[in-house]
Amino acid sequence: MDVHITEGDAAYEHHAAMRFLIAGTATMNQRIRSKLILLRDMNFHAMNCSRFVLFCFEQVICTLCGTEQEVRQVCINCGVCMGKYFCEVCKLFDDDVSKQQYHCHACGICRIGGRENFFHCSKCGCCYSKVLKNSHACVEGAMHHDCPICFEYLFESRNDVSVLPCGHTIHEKCLREMKEHCQFACPLCSKSVCDMSKAWERLDAELATLSNSFDDKMVRILCNDCGAVSEVQFHLIAHKCHNCKSYNTRQI
């Protein structure tokens, strides 16, 4: 039996929503391209990202005055600014500072969204929105794995990522697709991804109208939400956890 809930039932949205975007390579406008010429050997930045590549280069030439120099934000000769945002670590230039770029030393990469809006969780190994600072469940290396739906590496993803109540992470788009297909359990640990209490109440009412021919048969169940083990009457449709009243259970 499919259990449908509305968006209003998904109470986790206000605290699970986060924006996690990587600045990546700057989208250099023509002004930047006219100023920079990459020289000599260029080695790949250790990011292994399929969507962009950062280069570590040693020197640049200012095409306004022709001065060859170490990578820097301002030309040492003519004083022209090569990028309003400049990261010495990532060798990243960008004139569009509206993205509020900042470098996270713990992550080792540049991100966007404003440093004041994010904090770095050392256990999860990533920057999260400050909205989640005192409410998210820490999972070791939570961002350092693939999205369980589309399998894109989340730490380097440029798409929005949500932190589930269980602490696991998933693309927001993939989470929406799950809910559209009436899938409300984390693909990794099977815990509910939102407040399902109203759905369980409706299921209580549904099951109360159905007869059960297995009143004498008892089974042991494990609750995916709270982890409690219960012994309940067998039912063809669903088994209810005695501890948290959840129907997100499995027979053991």
Check your understanding: Where do Tyr153 and His144 land on the side-chain contact (heavy atoms from CB on, under 4.5 Å) test, with the steps shown first?
Key -> CA-CA 7 Å; Tyr153 188 47; His144 294 267; 3.3 Å; yes
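- Atom CD of Gln69 is separated from atom CD of Gln59 by 8.5 Å, given to the nearest 0.5 angstrom.
- In this structure, Phe119 and Tyr128 have perpendicular ring planes: the angle between them is above 60°, well past the 30° mark.
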Check your understanding: Should Lys84 and Asp96 be marked as a side-chain contact (heavy atoms from CB on, under 4.5 Å) after you check the CA-CA gap, both sets of side-chain angles, and the distance that decides it?
Key -> CA-CA 7 Å; Lys84 292 180 181 178; Asp96 182 9; over 6 Å; no
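- Within 6.0 Å of CZ in Arg115 there are more than 12 heavy atoms belonging to other residues, nucleotides or ligands.
- In this structure the side chain of Pro148 never reaches within 4.5 angstrom of the side chain of His168, judged on heavy atoms.
- The side-chain tip of Arg111 points at the ring of Phe155 from less than 6.0 angstrom away and within 45° of straight on.
- In this structure, Glu88 places its CD atom where only 12 or fewer heavy-atom neighbours from other residues, nucleotides or ligands lie under 6.0 Å away.
- Residues Cys75 and Met82 have side chains in contact (heavy-atom distance under 4.5 Å, counting atoms from C-beta outward).
- Side-chain contact, Ser197 with Asp195: a donor N or O sits under 3.5 Å from an acceptor N or O.
- Atom CG of Leu92 and atom SG of Cys110 lie 5.0 Å apart (nearest 0.5 Å).
- For His235 and Tyr247, the distance between ring centers is not under 6.0 angstrom.
- Transitive grouping of hydrophobic side chains (ILVMFWY, heavy atoms separated by less than 4.5 Å) keeps Leu188 and Val139 in distinct clusters.
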Check your understanding: Can Val74 and Phe86 be said to form a side-chain contact (heavy atoms from CB on, under 4.5 Å), step by step?
Key -> CA-CA 10 Å; Val74 178; Phe86 172 67; over 6 Å; no
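- The shortest side-chain heavy-atom distance between Asn159 and Glu152 falls under the 4.5 Å cut-off.
- Between Lys245 and Asp204, no side-chain nitrogen of the basic residue sits less than 4.0 Å from a carboxylate oxygen of the acidic one, so the salt-bridge criterion is not met.
- With rounding to the nearest 0.5 Å, the separation of CD in Glu231 from CD1 in Ile252 is 10.0 Å.
- The backbone N or O of Asn248 lies less than 3.5 Å from no partner atom in the side chain of Asp225, so there is not a single donor-acceptor pair.
- A donor-acceptor pair under 3.5 Å is absent between the side-chain atoms of Gln73 and the main chain of Cys81, judged by distance alone.
- Within 6.0 Å of the NZ atom in Lys191, the count of heavy atoms belonging to other residues, nucleotides or ligands does not exceed 12.
- Separation of atoms CZ (Arg220) and OG1 (Thr249) is listed at 13.0 Å; rounding is to 0.5 Å.
- The CD atom of Glu70 sits 9.0 Å away from atom NZ of Lys91, with the distance rounded to the nearest 0.5 Å.
- Here the SG-NZ distance, from Cys174 to Lys179, works out to 13.0 Å after rounding to the nearest 0.5 Å.
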**Study point:** Ser190 and Asn224: CA distance, side-chain angles, deciding distance, side chain to side chain donor-acceptor pair (under 3.5 Å) verdict
**Key:** CA-CA 6 Å; Ser190 297; Asn224 294 322; 4.7 Å; no
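- In terms of heavy-atom proximity, Met178 sits nearest to Pro187 at SD-CG, 3.9 Å.
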